[in-house]
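Heavy-atom basis, side chains included; hydrogens, waters and symmetry copies ignored. Chain naming here is simple, since letters A, B, ... match the order of the sequence lines and numbering starts at 1 in each.
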Amino acid sequence: MSKDKNFYERVYEVARQIPYGKITSYGAIAKAIGAARSARMVGYALKNSPEDVPAHRVLNRKGVLTGKQHFPGKNLMQQLLENEGLTIVNNQVQDFEKHFWNPKTSL
DNA sequence: TGAGTGACTGTAA
DNA sequence: CTTACAGCCACTC
């Protein structure tokens, strides 16, 4: 059981706010919840994320699908992103900054 | 209780 | 430009 379950829920809450066709980074979410240095934990939390959380829209700061291997199937994450109008080459999103969505901006 | 781990990030070479 | 290293926090065993 987690002591700071609130941390996870914060991550989910922000992740759910990611608009369709947009993407963000782990660090961005971490900052949004006030845990800028816990970007790694964001990814860890997303690993346990419920289905209503679009974890596939969360990438690392380079725009690489680092968590692709954690999704069911082999390239589900990429397919989901491509389905949202994004272009992915070599596990990396093209025009990452262009589609980047800052959680703090939405707050 | 302590050590190990990770869907990361920023800085250095 | 790319590659390497260290710092970071929360979680698991």
Side-chain angles (χ1 to χ4, degrees):
Chain A
M1 306 302 271
S2 356
K3 302 188 198 172
D4 214 342
K5 191 161 106 188
N6 199 297
F7 179 88
Y8 273 51
E9 294 191 3
R10 297 268 186 189
V11 174
Y12 304 151
E13 190 174 353
V14 175
R16 288 197 195 94
Q17 296 176 47
I18 304 176
Y20 181 94
K22 292 279 187 167
I23 49 183
T24 189
S25 66
Y26 301 97
I29 294 178
K31 282 187 179 180
I33 65 177
R37 279 102 179 245
S38 303
R40 303 180 99 162
M41 283 292 89
V42 174
Y44 210 93
L46 288 177
K47 191 176 172 189
N48 280 284
S49 65
E51 294 182 7
D52 61 315
V53 177
H56 62 273
R57 293 179 188 155
V58 184
L59 318 172
N60 67 0
R61 71 182 184 88
K62 294 177 186 172
V64 180
L65 282 60
T66 48
K68 176 180 173 181
Q69 56 183 327
H70 295 274
F71 276 79
K74 296 191 173 179
N75 59 340
L76 176 62
M77 189 174 184
Q78 178 173 337
Q79 289 181 4
L80 288 171
L81 291 172
E82 289 180 337
N83 187 38
E84 300 193 1
L86 296 174
T87 305
I88 299 169
V89 179
N90 193 13
N91 291 343
Q92 185 171 3
V93 176
Q94 304 302 290
D95 299 322
F96 172 69
E97 298 180 4
K98 186 175 178 184
H99 296 284
F100 184 82
W101 174 81
N102 192 331
K104 288 216 115 181
T105 305
S106 182
L107 294 177

| note | Of the listed dT12(C), dA7(B), dC8(C), the closest approach to the Arg37(A) side chain comes from dC8(C)
| query | Residues in ring-ring contact (aromatic ring centres under 6.0 Å, His included) with Phe96(A), at least two apart? | reply | Phe100(A)
| task | Name every residue in residues 72-99 of chain A that has at least one heavy atom under 4.0 Å from any atom of DNA chain B, in order of residue number, or write none if there are no such residues. | result | none
| said: Under 4.0 Å, heavy atom to any atom of DNA chain B: which of residues 14-23 of chain A qualify? | reply: none
| Excluding sequence neighbours, so at least two apart, what forms side chain to side chain donor-acceptor pair (under 3.5 Å) with Asn83(A)? | none
| field | Results of side chain to side chain donor-acceptor pair (under 3.5 Å) for Lys31(A) - residues two or more places apart only | value | none
For [X], what residues pass the salt bridge (Lys or Arg N to Asp or Glu O under 4.0 Å) criterion, not counting sequence neighbours?
X: Asp95(A); value: none
X: Glu84(A); value: Arg57(A)
X: Arg16(A); value: Asp52(A)

| Within the structure, does a side-chain N or O atom of Ser38(A) lie under 4.0 Å from either OP1 or OP2 of dC8(B)? | no
[X]: side chain to side chain contact (heavy atoms under 4.5 Å, CB included) partners, not counting sequence neighbours:
X: Arg10(A); answer: Asn6(A), Ile33(A)
X: Thr66(A); answer: Tyr26(A), Asn60(A), Val64(A)
X: Leu86(A); answer: Ile23(A), Leu81(A), His99(A)

Are any protein N/O atoms closer than 3.5 Å to N/O atoms in nucleotides 10-13 of chain B? If there are, list each pair with its distance.
residue: dG10(B); atom: N7; partner: Arg61(A); partner atom: NH2; Å: 3.2

| task | Would you kindly compare Asn48(A) and Arg40(A) by the position of their nearest DNA chain C nucleotide and give the one closer to the 5′ end? | result | Arg40(A)
